[in-house]
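First listed ligand is number 1; within each ligand, the first listed atom is number 1. Residue indices begin at 1 and follow the sequence shown. Excluded from the calculations below are hydrogen atoms, water molecules and symmetry mates; all remaining heavy atoms, backbone and side chain alike, are included.
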Amino acid sequence: MVALQTSRGSVFKDPRTLCPDYVPPKAPFREHELEKLRAVQMDSRDKPAEYRRVFITGRYGTGKTLLTKFYAATTRHDQQTLYVNCIDCRGKIPSLLHEIIRSLKPGFPRRGYSLYELRETLADTLRKRGGRILLIIDDLDILLHKSGLEGWKNLQDILKLEVFDSTLNLTVYTINHIDLLDRMDFLNQALIERDLFDLRGYSKTEVEAIIRFRASLAFREEALGQDFLTEVAEKTSSIGGNLAYAMELMLKAGELADLTKSDKLTLNHLYEAEKTVHPRFKGFLLEKLEKHEKILLLSTARTLKRKPYGEASLSEVEEEYRRLCRILGYKPRGHTTLFHKVKNLSLLGFITHKLSGLGYRGKTTLLGLPGIPPSLVESRVKESLKINP
Ligand SMILES: Nc1ncnc2c1ncn2[C@@H]1O[C@H](COP(=O)(O)OP(=O)(O)OP(=O)(O)O)[C@@H](O)[C@H]1O
Ligand SMILES: [Mg+2]
């Protein structure tokens, strides 16, 4: 939820500048990496036959996505950027192709095409369009987890389409765990090393400077206290510099300040906000889940609240899920569909799932939360589903 109350009476100047999709006017401390990206493209301009790819890796929230989007927004204007996020595609190649085609042809229907038809449509669209293309594939981990080596090979085959020869200039991938790729692309190890940009984490001073810069875009100057920003920076550095956490924390604190009609952000707003934000819980991603995925996640959190060891069997979670569906007036989904949704939630990092070992009769699937308190997940999902306490 993003507060849109931006007029007088709000601490915000523009809350949308704290959302993950927002591209700020500067990307401080990444000048070197931007320069390196520019150099790669300059290289390939001299030798158009040599299509280049780059892998950007680094810890969570260190600005991988920002770097790609900022580069695209500020680089040569004679090329079109095609941006696809593997999370949005749930790691599936056909959905990824759909997204690429839709960014070229916005009205293109979402469903109903085979992989072959999608490839042909893409080739045809690119052929008619001409021009140069910068392709960004964000969060490649999800694609590798979901579609494995076959998915990776399929993607490489698509990028070898004849029409890409004359249009595609550079593909930039972002990936959190580069070792995933090492296993897939073992034949091209040397090439991967050449093309790897390992983003260094920000220092404590840099984290603080970025937070101040982003806060100055989001909040009215009079609403900001020094101690508030110092504390946000302190908390962000203490968890390894995940700036996505800092942005969400500031957004929540601002919303709370507005709710309590305060004209200044205080430490108390921050402490309250902290109860609903967690570095491992991707609040913005929650909005991309389907209704039944959210109910299943809520059921997992509620079941786990009653469990002492942070694990619950899928059948216990399913029971809670059916109960919730009854209360909310929705028709529950069947076991197979739910199992599919469990895998999706796990792929997106909301839950963990594994097969039971010793101490359980037979094999059963055990669900958990990746180090996030169940009560936090419960309250965020309830808020998203608009369920009152
Ligand atoms: N140098 C910077 N200047 C300004 N804002 C930044 C900078 N680096 C990161 N941010 C902001 O911090 C947040 C997290 O960055 P981003 O989403 O790009 O990280 P990421 O590495 O892609 O994270 P993830 O691993 O979760 O995909 C975003 O809101 C981004 O705009
Ligand atoms: Mg990212």
Query - Full working for side-chain contact (heavy atoms from CB on, under 4.5 Å) between Leu18 and Phe219 - result: CA-CA 10 Å; Leu18 293 172; Phe219 298 110; 4.0 Å; yes
Query raised in the report: With respect to atom 18 (O) of ligand 1, which of Ile56, Ile210, Leu66 exhibits the smallest heavy-atom separation?
Result: Leu66
Requested in this report: Within a distance under 4.0 Å of any heavy atom of Lys282, pick out the atoms of ligand 1 and give their elements.
Outcome: 26 (O)
Query raised in the report: Is the shortest N/O to N/O distance between Thr62 and ligand 1 below 3.5 Å?
Result: yes
Report summary line: What lies under 2.8 Å from the Mg ion (ligand 2), restricted to protein N/O/S atoms, is Thr65 OG1
Query raised in the report: Does the N or O separation between Tyr202 and ligand 1 drop below 3.5 Å for any pair?
Result: yes
Query - Atom pair SG/CD1 of Cys86 and Ile137 - distance to nearest 0.5 Å - result: 6.0 Å
Query raised in the report: Would you say Thr65 and ligand 1 have an N/O pair spaced under 3.5 Å apart?
Result: yes
Query raised in the report: How far is atom 5 (N) of ligand 1 from its nearest protein heavy atom, and which residue and atom is that?
Result: Arg214 NH1, 3.0 Å
Query raised in the report: Is the closest side-chain donor-acceptor distance between His98 and Ser95 under 3.5 Å?
Result: no
Query - side-chain contact (heavy atoms from CB on, under 4.5 Å) evaluation trace for Glu208 with Tyr202 - result: CA-CA 9 Å; Glu208 180 151 1; Tyr202 297 113; over 6 Å; no
**Report entry** Backbone or side-chain N or O of Pro24 under 3.5 Å from ligand 1 N or O
**Finding:** no
Report task. Using a strict cut-off of 4.0 Å, indicate which atoms of ligand 1 neighbour a heavy atom of Asp139. Result -> 27 (O)
Query raised in the report: Quick one: CG on Leu143 to CH2 on Trp152, what's the gap to the nearest 0.5 Å?
Result: 8.5 Å
Query raised in the report: With distance as the sole test, does Ser237 use its side chain to make a donor-acceptor pair with the main-chain N or O of Glu234 at under 3.5 Å?
Result: no
Report task. Anything under 30° is parallel, anything over 60° is perpendicular, the rest tilted; go ahead and classify His177 against Tyr60. Result -> perpendicular
Report task. Classify the side-chain pair Ser315/Ser313 by whether it contains a donor and acceptor separated by less than 3.5 Å. Result -> yes
Query - Contact check, Gly61 vs ligand 1, heavy-atom distance below 4.0 Å - result: yes
Requested in this report: Apply side-chain contact (heavy atoms from CB on, under 4.5 Å) to the pair Glu222 and Asp263, showing each step before the final yes or no.
Outcome: CA-CA 8 Å; Glu222 317 82 81; Asp263 55 3; over 6 Å; no
Query raised in the report: Can you find an N/O atom of Pro20 closer than 3.5 Å to an N/O atom of ligand 1?
Result: no
Query - Hydrophobic cluster membership, Phe284 vs Tyr22, 4.5 Å side-chain cutoff - result: no
Query - Phe55 ring center within less than 6.0 Å of Phe197 ring center - result: no
Report task. Report the nearest protein non-hydrogen atom to atom 14 (C) of ligand 1: residue, atom name, distance rounded to 0.1 Å. Result -> Ala244 N, 3.6 Å
Query raised in the report: Short N/O distance, under 3.5 Å, between Lys64 and ligand 1?
Result: yes
Query raised in the report: Has the side chain of His145 got a donor or acceptor atom that lies under 3.5 Å from a matching backbone atom of Ile142?
Result: no
Query - Protein residue, atom and distance nearest to atom 12 (O) of ligand 1, heavy-atom basis - result: Leu243 CB, 3.2 Å
Query - Close-contact set for ligand 1 against Pro28 heavy atoms, below 4.0 Å - result: 1 (N), 2 (C), 3 (N)
Query raised in the report: For ligand 1, which atoms have a heavy atom of Asn176 less than 4.0 angstrom away?
Result: 25 (O)
Requested in this report: Output the distance between atom CD (Glu33) and atom CG (Leu66), rounded to the nearest 0.5 Å.
Outcome: 11.0 Å
Query raised in the report: Which option, Gly63, Pro279, Ala209, owns the non-hydrogen atom nearest atom 16 (P) of ligand 1?
Result: Gly63
Report task. Take Tyr330 and Lys291 through the side-chain contact (heavy atoms from CB on, under 4.5 Å) test and state the conclusion after the steps. Result -> CA-CA 10 Å; Tyr330 298 129; Lys291 186 174 65 194; 3.5 Å; yes
Query raised in the report: What's the shortest distance from atom 29 (O) of ligand 1 to any protein heavy atom, and which residue and atom give it?
Result: Met247 CG, 3.5 Å
